[in-house]
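Being a predicted model, the structure only gives us computed values, none of them experimental. Quick note on labels: first sequence line is chain A, next is B, and so on, each numbered from 1.
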Amino acid sequence: MDFYKRASFICINIPYGRVASYGQIARLCGRPQNARQVGYALKMGLLGDVPAHRIVNSNGFLSGAKSFENEYTQKNMLYSEGIDTDNSGKVNLKLFGWNVTTDEKLYFIDYFERNGI
DNA sequence: ATACTGACTAATC
DNA sequence: TGATTAGCCAGTA
């Protein structure tokens, strides 16, 4: 399986106004242990053109790494699509977390199978 | 081959 | 609750 191609496809499908966690993406790729690799791939730009600002950690905290222009870039991008962050710079996952339906999961798996990735 | 490193996480205290 | 910790694994040197 090509983990990064899978991750890329998942990221592209994160809906506008929603956030996903690294672990969540790894799980959807069929590799629940690879959360760190999702972060690595984003940092290195291995996923191509994906909405990286919609990816946060399992607590809802934004990336602390300086892959964005400045420390407010990601926060501003999220705010511009209606995603608020609290005073500690954390996203409320209950409100803005991406809730993936069973059908979507099946669709992703099928997509991977059909495209051999 | 060995030893870190890190956009991580779940468990534990 | 919040903080620490052990486990994780592809990359890199």
(request) Please list, by residue number, the residues of residues 7-16 of chain A whose heavy atoms come closer than 4.0 Å to an atom of DNA chain B; answer none if no residue qualifies. (result) none
(message) Please check this pair: side chain of Asn34(A) against backbone of Gln37(A), looking for a donor-acceptor N/O pair closer than 3.5 Å.
(response) no
(request) Quick one: list whatever passes side chain to side chain contact (heavy atoms under 4.5 Å, CB included) with Lys43(A), sequence neighbours left out. (result) Ser67(A)
(request) Give Tyr4(A) one of three labels, base, sugar-phosphate or nothing, depending on what nucleic acid heavy atoms sit under 4.0 Å from its own. (result) sugar-phosphate
(request) Using the test salt bridge (charged side-chain N to carboxylate O under 4.0 Å, His left out), find all partners of Arg54(A) that sit at least two apart in sequence or belong to another chain. (result) Glu81(A)
(request) Quick one: which residue pairs count as a side chain to side chain donor-acceptor pair (under 3.5 Å) with a foot in residues 83-97 of chain A, not counting sequence neighbours? (result) Asp86(A)-Ser88(A)
(request) Extract, from 5' to 3' on DNA chain C, the first and final nucleotides lying under 4.0 angstrom from some heavy atom of chain A. (result) dG7(C) to dT12(C)
(request) Mind checking salt bridge (charged side-chain N to carboxylate O under 4.0 Å, His left out) for Asp110(A) and listing every partner two or more places apart, or none if nothing turns up? (result) Arg114(A)
(request) Specify the separation, in whole Å, of atom CE of Met44(A) and atom P of dT5(B). (result) 17 Å
(message) Regarding Ala41(A), tell me which of base, sugar-phosphate or nothing describes its non-hydrogen contacts under 4.0 Å with the strands shown.
(response) nothing
(message) Taking atom CG as the centre, does Asn70(A) end up with more than 12 heavy-atom neighbours from other residues, nucleotides or ligands that are less than 6.0 angstrom away?
(response) yes
(message) Holding to side-chain hydrogen bond (donor to acceptor under 3.5 Å, both in side chains), I want the full list of residues that pass it with Ser80(A), two or more places apart in sequence or in another chain.
(response) none
(message) Quick check against the 3.5 Å criterion: does Arg27(A) have a side-chain atom that pairs as donor or acceptor with the backbone of Pro32(A)?
(response) no
(message) At under 4.0 Å between heavy atoms, how does the protein contact nucleotides 8-13 of chain B? Give one character per nucleotide, 5' to 3', with B, S or -.
(response) BSS---
(request) Could you list the residues that satisfy side-chain hydrogen bond (donor to acceptor under 3.5 Å, both in side chains) with Asp103(A), not counting sequence neighbours? (result) none
(request) Using side chain to side chain contact (heavy atoms under 4.5 Å, CB included) as the criterion, list what pairs up with Asn59(A), not counting sequence neighbours. (result) Asn57(A), Phe61(A)
(request) Would you name the heavy atoms of Ala35(A) and Ala26(A) that are closest together and state the gap between them? (result) N-CB, 3.7 Å
(request) Hydrophobic side-chain clustering at under 4.5 Å (ILVMFWY, transitive links): who's grouped with Trp98(A)? Put none if nobody. (result) Phe3(A), Tyr4(A), Phe9(A), Ile10(A), Ile12(A), Ile14(A), Tyr22(A), Ile25(A), Leu28(A), Val38(A), Tyr40(A), Leu42(A), Met44(A), Leu46(A), Leu47(A), Val50(A), Ile55(A), Val100(A), Tyr107(A), Phe108(A), Tyr111(A), Phe112(A), Ile117(A)
(message) Tell me which residues in residues 64-91 of chain A lie within less than 4.0 Å of DNA chain B, going by non-hydrogen atoms.
(response) Ala65(A), Ser67(A), Phe68(A)
(message) Return the CD1 to CD distance between Ile109(A) and Glu113(A), rounded to the nearest 0.5 Å.
(response) 8.0 Å
